[in-house]
Participant: 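Encoded as structure tokens, here's the structure I'll be asking about.
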Amino acid sequence: MASLISHGVAAVGISALFLRPGVARRVWIAGTLCAMAPDVDVVGFAFGVRYGDFLGHRGFSHSLVFAALLASVVAFLLTRSDSVGIDAQLLWSYLLLATASHGFLDAMTDGGLGVAFFSPFDLTRYFLPWTPIRVSPIGISGFFSARGLQVLATEFVWIWIPTAVLAVSAWFLRRTAATTNREP
Ligand SMILES: [Zn+2]
């Protein structure tokens, strides 16, 4: 995994692309949780599931099919009772992107097994051709170490900074559009 915090940060960057007035706050919270959700698979280690298994770490829960399923379920739950201020299709796309971003970031790390993007159809584990992010140790104890700091440093460069750039650009474009619309 990239660290959970960084998966959440990436979700903030994706949120910036979908940000518009009137969207309920729980939509953004749900998107952030969706971006972190795939790593629930580490629970499997405690039950003897091996890393490379279908349900192993970076297995099915990191696939595009899982992202689509989770986005559907969460979108359904969010819109079940009342309006959340965002079009259903847009909401689904947002949740899909937030969840799928997790696998792509993991596939940019330099360790562990790759990501089963096409599970359950193809269980092959993939990395992206470019893996600049140091892989995060699994578990808290490993995280607070020199290694953990190195991980955070690469995540800062490759996840946090691009997220900030994305968020500021989206904000700036929207502001420019709003100003242009206001002109006669
Ligand atoms: Zn992961």
Side-chain angles (χ1 to χ4, degrees), residues 1-18 28-75 92-164 166:
M1 53 170 119
S3 72
L4 267 187
I5 312 164
S6 292
H7 285 301
V9 168
V12 173
I14 294 166
S15 304
L17 301 176
F18 290 83
W28 312 123
I29 296 171
T32 307
L33 292 177
C34 279
M36 297 176 170
D39 278 344
V40 292
D41 62 10
V42 295
V43 172
F45 284 130
F47 297 96
V49 177
R50 284 164 308 165
Y51 201 139
D53 289 349
F54 172 72
L55 288 178
H57 186 43
R58 294 184 173 173
F60 180 66
S61 69
H62 287 54
S63 69
L64 298 172
V65 169
F66 177 85
L69 287 175
L70 186 68
S72 308
V73 171
V74 175
W92 185 79
S93 310
Y94 163 63
L95 295 169
L96 174 76
L97 266 181
T99 314
S101 73
H102 185 113
F104 283 94
L105 289 180
D106 278 4
M108 286 169 66
T109 61
D110 64 356
L113 292 182
V115 173
F117 282 118
F118 306 107
S119 178
F121 309 108
D122 167 15
L123 304 187
T124 311
R125 301 300 193 95
Y126 296 91
F127 282 105
L128 294 191
W130 187 55
T131 55
I133 303 172
R134 294 225 60 184
V135 70
S136 177
I138 294 170
I140 295 290
S141 57
F143 197 77
F144 293 100
S145 60
R147 176 70 201 291
L149 282 180
Q150 272 183 1
V151 169
L152 268 187
T154 59
E155 291 182 352
F156 186 79
V157 172
W158 298 112
I159 304 178
W160 296 43
I161 292 179
T163 295
L166 198 65

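FYI, side chains are in, hydrogens and waters are out, and symmetry mates aren't considered; it's all heavy atoms of this structure. A quick note: this is a predicted structure, and the numbers were derived from the prediction, not measured. Note that ligands are numbered from 1 as they come in the structure, with each ligand's atoms numbered from 1 the same way.
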Participant: Give the C-alpha distance, both sets of side-chain angles, the deciding distance and a yes or no for ring pair (Phe, Tyr, Trp, His ring centres under 6.0 Å) between Trp28 and Tyr94.
Facilitator: CA-CA 9 Å; Trp28 312 123; Tyr94 163 63; 5.2 Å; yes
Participant: Please check this pair: side chain of His102 against backbone of Ala35, looking for a donor-acceptor N/O pair closer than 3.5 Å.
Facilitator: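 Side chain of His102 to backbone of Ala35: a pair is present.
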Participant: Please list, chain by chain and in numerical order, all residues satisfying salt bridge (charged side-chain N to carboxylate O under 4.0 Å, His left out) with Asp53, sequence neighbours excluded.
Facilitator: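 Asp53: salt bridge (charged side-chain N to carboxylate O under 4.0 Å, His left out) contacts with Arg50.
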Participant: Please name the atom of Asp39, restricted to N, O or S, that is closest to the Zn ion (ligand 1).
Facilitator: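 Restricting Asp39 to its N, O and S atoms, the minimum distance to the Zn ion (ligand 1) goes to OD1.
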Participant: Among the N/O/S atoms of Asp106, select the one at the shortest distance from the Zn ion (ligand 1) and name it.
Facilitator: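 Distance check against the Zn ion (ligand 1) picks out OD2 in Asp106.
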Participant: So, 2.8 Å as the limit: is an N/O/S atom of His7 located closer than that to the Zn ion (ligand 1)?
Facilitator: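 Of the N, O and S atoms in His7, none lies under 2.8 Å from the Zn ion (ligand 1), which means no.
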Participant: Answer yes or no: is there a donor N or O on one side and an acceptor on the other, between the side chain of Asp41 and the main chain of Arg58, under 3.5 Å?
Facilitator: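 Such a contact is found between Asp41 side chain and Arg58 backbone.
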Participant: Per the salt bridge (charged side-chain N to carboxylate O under 4.0 Å, His left out) rule, what does the pair list look like for residues 108-122, sequence neighbours excluded?
Facilitator: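 Passing the test, one end in residues 108-122: Asp110-Arg134.
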Participant: Just give me the atom name: the N, O or S atom of His102 closest to the Zn ion (ligand 1).
Facilitator: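 That would be atom NE2.
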Participant: Would you say His57 has an N, O or S atom lying under 2.8 Å from the Zn ion (ligand 1)?
Facilitator: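 No - counting backbone and side chain alike, His57 has no N, O or S atom under 2.8 Å.
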